[in-house]
Amino acid sequence: MYPASFRYLRPATLGEAGQLFNSASDARYVAGGQSLIPAMKQRLASPSELIDISRIPALSFIRRDGDLLAIGAGTRHADVAASAEVEGAIPALATLAGLIGDPAVRHRGTLGGSIANNDPAADYPAAVLALDAVVTTNRRNIPADLFFTGMFETALEPGEIVTQVAFRLPRRAAYMKFPNPASRYAMPGVFVAEHAHGIRVAVTGAASCVYRASELESALAERLMPETLDTVTVAAEEFTSDLFASAEYRAHLVKVMAQRAVTSMLSSRHG
Amino acid sequence: MSTISVEVNGERHTAEVEDRTLLVHFLRDHLRLTGTHIGCDTSQCGACVVHLNGKAVKSCTMFAVQADGDSILTIEGLSRDGKLHPVQAAFQEHHGLQCGFCTPGMIMTAVDLLARHAQPDEALIRRELEGNFCRCTGYLNIIKAIQAASRAV
Ligand SMILES: Cc1cc2nc3c(=O)[nH]c(=O)nc-3n(C[C@H](O)[C@H](O)[C@H](O)COP(=O)(O)OP(=O)(O)OC[C@H]3O[C@@H](n4cnc5c(N)ncnc54)[C@H](O)[C@@H]3O)c2cc1C
Ligand code: FES
Ligand code: FES
């Protein structure tokens with residue numbers, strides 16, 4: 001289906017992108033377009049201006065800086081998956097990027113687009129939360145714990161552009177995803193990270209928004225073993241039920257994916 | 001409307017397009033390159049896969065204006081001097097198609113995957129075909145064809 005008409009704009013810099021947004025009537029940024037364009041084709045989104053930020057060079061980089069790994073918002077999933085820098089710093093993050101969708105989606109889709117979109121079943125939000133990341137925009141820094149605010153909702157204000165995400169290098173980490181058999185989105189995905197200051201466990205694809213599973217975090221803080229979770233109950237009340245899985249089944253899968261993640265991280269050197 | 005200049009299968013085209021024109025519609029309706037198919041409305045089936053600057057992308061999930069200045073390869077641009085590309089030949093040889101609807105996308109995805117992985121095993125090929133649906137073959141012969149092509153390329 002054809003999307004509704006819009007005016008296409010391709011700024012060369014971040015500053016120009018922000019100005020275009022301010023002078024537009026009902027603009028949206030487009031990066032990889034792998035979430036926004038399908039939505040426009042379904043006419044779930046009909047911006048009057050489409051501001052293409054995917055050609056802004058300053059948004060595309062991968063940089064290790066001490067115990068932080070900074071990735072530009074415009075970096076494509078395929079480039080994160082194939083990056084030796086990411087593989088060396090946080091292998092679980094490279095793995096996660098390589099599990100998103102399919103190769104064609106990974107060639108276009110970007111980190112910034114994924115977290116700005118905050119699909120309840122998207123993969124990157126789990127990494128951002130579990131790796132205690134800081135999201136930087138053209139206006140400010142936002143800690144991961146304050147970034148994801150609800151279903152398709154974030155702390156971003158109108159016109160604000162994510163420029164980079166700085167992930168904290170964990171001692172060890174692993175991501176386990178049970179892919180939805182049709183869409184390949186997480187159903188669910190669990191990211192477990194052991195940091196110097198504690199364990200962080202983030203769950204996506206279970207509830208209406210990615211969240212930190214405090215009951216799993218406190219159990220694993222006592223003993224970082226998969227069996228520790230045998231006796232922990234994952235509450236299903238807030239979970240999604242749909243034709244693919246009931247809330248109870250999702251709760252079961254959250255525990256199994258968390259256990260597999262712990263098994264995997266214990267057998268790896270780090271991250 | 002925007003004026004775009006794209007190289008398609010080695011030939012430069014300058015055209016006036018509506019901004020909302022999807023790349024796949026530009027290829028099919030403006031350039032009459034109808035080898036690239038449209039199999040869904042949800043970016044899931046992969047019948048529309050082409051190469052953008054050498055990488056497989058879904059041409060139904062980007063706008064033609066976004067490809068301004070870029071280089072595109074479609075199924076029509078694969079053969080050389082009247083000879084099928086080795087992946088095309090392998091699909092023919094190993095019966096990697098029945099109705100043929102998914103085939104252009106499958107082949108463009110296969111060429112992309114072989115550029116990144118010289119000797120893929122079956123599990124890797126299945127993973128790489130995640131975004132390409134075939135309703136006829138059951139995939140088995142597609143996988144055989146891609147493996148045979150990896151030995152031939
Ligand atoms: C077939 C298919 C399968 C998929 N499977 C998965 C999967 O398994 N897991 C998964 O996580 N995702 C999946 N996706 C989604 C994919 O990862 C998208 O690439 C991603 O969600 C959005 O990134 P994008 O760059 O394409 O953003 P776009 O579609 O361009 O934009 C999405 C939203 O983010 C905004 N935006 C984009 N960049 C920025 C920025 N820098 N700052 C502020 N706002 C911005 C846009 O305005 C828009 O509202 C799939 C998509 C498809 C089509
Ligand atoms: S037509 Fe492009 S993915 Fe189906
Ligand atoms: S051969 Fe018919 S859809 Fe694949």
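Proteins come first, then strands; the chains are lettered A, B, ... in the order of their sequence lines, and each starts at number 1.
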Could you look at [X] and say if it's the side chain, the backbone, both or neither that has a heavy atom under 4.5 Å from chain B?
X	result
Leu50(A)	side chain
Ala39(A)	neither
Ala4(A)	backbone

Going by atom types only, do [X] and [Y] share a side-chain donor-acceptor pair under 3.5 Å?
X	Y	value
Thr240(A)	Asp242(A)	no
Thr163(A)	Asn138(A)	no
Thr109(B)	Asn132(B)	yes

So for [X], is it side chain, backbone, both, or neither that comes closer than 4.5 Å to the heavy atoms of chain A?
X	value
Asp68(B)	both
Leu113(B)	neither
Gln44(B)	side chain

Exercise. Please state whether the rings of Tyr249(A) and His252(A) are parallel, tilted or perpendicular, taking 30° and 60° as the class boundaries.
Key: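 Ring orientation of Tyr249(A) relative to His252(A): parallel.
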Quiz item: Picking from Gln66(B), Arg116(B), Arg127(B), Met1(B), which has the most non-hydrogen pairs under 4.5 angstrom with chain A?
Solution: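 Most heavy-atom pairs under 4.5 Å with chain A: Gln66(B).
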Exercise. Return yes if some donor-acceptor pair links the side-chain N/O of Lys41(A) with the main-chain N/O of Ser43(B) below 3.5 Å, else return no.
Key: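 No, because the side chain of Lys41(A) does not come within donor-acceptor range (under 3.5 Å) of the backbone of Ser43(B).
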Exercise. State the OG1-CZ distance between Thr74(B) and Arg28(B), to the nearest 0.5 angstrom.
Key: 11.5 Å
